[in-house]
Amino acid sequence: MAQSFRQTDILELARKQGKVTVEDLVARFGVTHQTIRRDLSDLADAGELERVHGGAMLPSGVSNLGYEDRRDLNTNAKAEIAARCAATIPNDCSVFLNIGTSTEAVARALLQHRNMMVITNNINVANILVANPEIDIMVAGGKLRRSDGGLTGATTRDVIEQFKVDIAVIGCSALDHDGDLLDFDIEEVHVSQTILQQARASYLVADHSKFQRSAPARIASLGEIDSFFTDAPLTASLDRLCRDWGTDVVLT
């Protein structure tokens with residue numbers, strides 16, 4: 001395999017998994033450790049990946065991945081997380097779903113629910129739920145972000161403040177080692193904070209790739225979340241913090 005093609009495939013794997021390891025890549029491509037390390041160094045020099053011990057990961061920074069790339073990242077894990085989350089949401093309740101591919105997965109998992117109201121600032125969520133006539137859909141107005149169908153801004157927050165929902169289900173772009181939920185867009189952060197304020201219970205849905213990323217804007221702490229649905233065990237220190245906070249960690 002030509003080096004350029006191999007590096008393209010390595011980058012695609014990193015986008016899907018969040019991280020790649022030297023050992024896995026050696027086995028996958030049938031080349032030497034030295035060759036893979038050189039590939040990872042080239043990708044790091046180009047700003048595509050960030051070298052870490054034993055491999056590389058998507059770079060941290062102040063800008064998010066493109067939406068289609070995020071949609072293709074860990075799709076099976078997101079579906080399993082969403083199914084587990086939706087199983088805890090009863091019929092006959094009100095739910096808020098915010099912007100993100102993980103909350104879109106929750107919307108798909110809610111398609112068999114009955115007699116619900118879903119409020120969302122995510123046009124994609126609304127379009128998914130249209131298929132279920134048993135769900136009333138309220139779309140929070142605001143400025144439309146064409147890149148991902150999100151609605152943000154002061155108007156969005158004003159609409160959200162008119163509601164008091166049973167459950168808020170939110171996603172995030174990154175989860176810091178101290179349990180802080182992080183995102184890239186400060187307007188989106190302000191909307192998520194308003195959502196949490198207007199909910200009786202709050203759920204976070206986030207796959208393991210969020211543990212390996214960083215973002216500059218803080219949404220909240222896991223200590224403010226009632227249930228965290230994810231697909232990988234937390235570090236011992238973060239797991240201990242969640243127990244102290246009373247945050248239920250649900251692994252798929």
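Note that the structure is predicted; figures quoted are calculated from it, not measured.
D183 and S173 are linked by a side-chain donor-acceptor pair at a separation below 3.5 angstrom, with hydrogens and angles left out of the test.
Take D226 and apply the salt bridge (Lys or Arg N to Asp or Glu O under 4.0 Å) test, not counting sequence neighbours, and it matches no residue. Residues that satisfy the salt bridge (Lys or Arg N to Asp or Glu O under 4.0 Å) test with R157, not counting sequence neighbours, are E187.
Using a distance-only test at 3.5 Å, with no hydrogens or angles considered, no donor-acceptor pair links the side chain of E188 to the main chain of F184. In terms of modelled atom types and a separation under 3.5 Å, the side chain of T230 and the main chain of I81 share no donor-acceptor contact. Between the side chain of D248 and the backbone N or O of S227, no donor-acceptor pair lies under 3.5 Å.
The residue from L97, T88, I89 that alone fulfils the side-chain contact (heavy atoms from CB on, under 4.5 Å) condition with I167 is I89.
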Derivation of the side chain to side chain contact (heavy atoms under 4.5 Å, CB included) call for F229 and S102: CA-CA 11 Å; F229 297 85; S102 294; over 6 Å; no

Audit row: D24, T21, side-chain hydrogen bond (donor to acceptor under 3.5 Å, both in side chains) steps and yes/no: CA-CA 5 Å; D24 286 346; T21 68; 3.2 Å; yes

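Taking CD from Q197 and OG from S192, the interatomic distance works out to 11.0 Å, rounded to the nearest 0.5 Å. Between atom OG1 of residue T103 and atom CG of residue L110 there is a gap of 10.5 Å, rounded to the nearest 0.5 Å.
Counting all heavy atoms, side chain and backbone alike, C93 lies closest to V95 at SG-CG2, 3.8 Å. Summarising the geometry of D148 relative to N122, their closest heavy-atom pair is O-OD1, 4.3 Å, with the distance given to 0.1 Å. Taking both residues in full, the closest heavy atoms of L181 and S221 are given as CD1-C, 3.8 Å, listed atom of the first, atom of the second, then distance.
Between F163 and F96, the distance from one ring center to the other does not fall under 6.0 angstrom.
Among residues at least two apart or in separate chains, side chain to side chain donor-acceptor pair (under 3.5 Å) pairs with a member in residues 109-120 are D92-N115.
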